[in-house]
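Report on one structure; see the data block that follows.
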Amino acid sequence: MEISKKIIELRKKRQMTQEELANRVNVSRQTVSKWENGTVLPDINNLKELSRVFEVSVDELLDNEKAVRDDNEIVEAINYSAGIVKKHWRKVGYVVIIYGIAMTLFGVVGHFMFRDFGYDPFTGELFDQFAIFHIVPKIFIGLGIVVIVIGAVLSIKDYLKNHRGYTHRQ
């Protein structure tokens, strides 16, 4: 329910006129009318006063049921996804390995593409402004190897967990 409708409902439930509500909240009757028409929203201080007058929480006044429902749906989706991942660590490990291989290949290709790039042809020294072309491929190769190892550990652990004779220590 919109706040405008909520204000109307709570005001009528307490058998108050717009003028009476305006006096209790210290605003004009026109302001209350604008709140109820939905043309203006009450500011935070007015929300606090309204919640005091109507004896409800600001949350109830704002009717955050939809937000709570949305939050619950998000939590359910996260739990569902976590359950799938928990059941299929080996598959997750394979995907991680594939990403690691892709990163490593990207680094190797970059290394070969830029291995002569930025070197002085006479002295053979690397110009400082081109050093990044030699560092980035090495970073990708290193990270790719680390990601491959992580994926392998996930896959192996899941494989061992799902076969007899393996006990998980806690």
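Please read all numbers here as calculations on a predicted model, not as lab measurements. Each residue takes its place number in the sequence, starting with 1.
Smallest separation of non-hydrogen atoms from Val32 and Leu21: CG1-CD2, 3.8 Å. When all heavy atoms of Trp35 and Val25 are compared, the closest pair comes out as CH2-CG1, 4.0 Å. The heavy-atom pair separating Met103 from Gly144 by the smallest distance is CB-CA, 3.8 Å. In plain terms, the two heavy atoms of Gly107 and Pro137 that are nearest each other are O-CB, 3.2 Å. Of all non-hydrogen atoms in Leu47 and Val58, the two that sit nearest each other are O-CG2, 4.2 Å. Listed here is the closest heavy atom pair of Ile148 and Thr104: CD1-OG1, 3.9 Å.
Distance CD1/Ile145 to CD1/Ile101: 11.0 Å, rounded to 0.5 Å. The NZ atom of Lys48 sits 10.5 Å away from the CG atom of Asp43 when rounded to the nearest 0.5 Å. Separation of atoms CD (Glu49) and CZ (Arg24) is listed at 9.5 Å; rounding is to 0.5 Å. How far CG of Asn46 is from CD1 of Ile7: 9.0 Å, rounded to the nearest 0.5 Å. Between the CD atom of Glu9 and the CG atom of Leu61 there is a distance of 10.5 Å, given to the nearest 0.5 Å. Rounding to the nearest 0.5 Å gives a distance of 9.5 Å between CG of Leu41 and CD of Glu2.
No single ILVMFWY cluster, assembled from side-chain heavy atoms under 4.5 Å apart, contains both Ile98 and Phe106. Tracing side-chain contacts under 4.5 Å through hydrophobic residues (I, L, V, M, F, W, Y), one never reaches Val149 starting from Val96; they form parts of separate clusters. With hydrophobic clusters built from ILVMFWY side chains whose heavy atoms lie under 4.5 angstrom apart, Ile135 does not share a cluster with Ile141. A single hydrophobic cluster is not seen to contain both Ile3 and Ile8; linkage of ILVMFWY side chains at heavy-atom distances under 4.5 Å, directly or through other members, places them apart. At a threshold of 4.5 Å between side-chain heavy atoms, the hydrophobic network of Ile, Leu, Val, Met, Phe, Trp and Tyr places Val95 and Leu154 in two separate groups.
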request  = Check the pair Glu20, Arg14 against salt bridge (charged side-chain N to carboxylate O under 4.0 Å, His left out), reporting the backbone distance first and the verdict last.
outcome  = CA-CA 11 Å; Glu20 291 170 331; Arg14 285 165 180 69; over 6 Å; no
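Checked by atom type and distance alone, the side chain of Ser155 never pairs as donor or acceptor with a backbone atom of Ala152 at under 3.5 Å. Checking side-chain atoms of Arg11 against main-chain N and O of Met16 turns up a donor-acceptor pair under 3.5 Å. Although no hydrogens or angles enter the test, the distance criterion places no donor-acceptor pair under 3.5 Å between the side chain of Ser33 and the main chain of Arg29.
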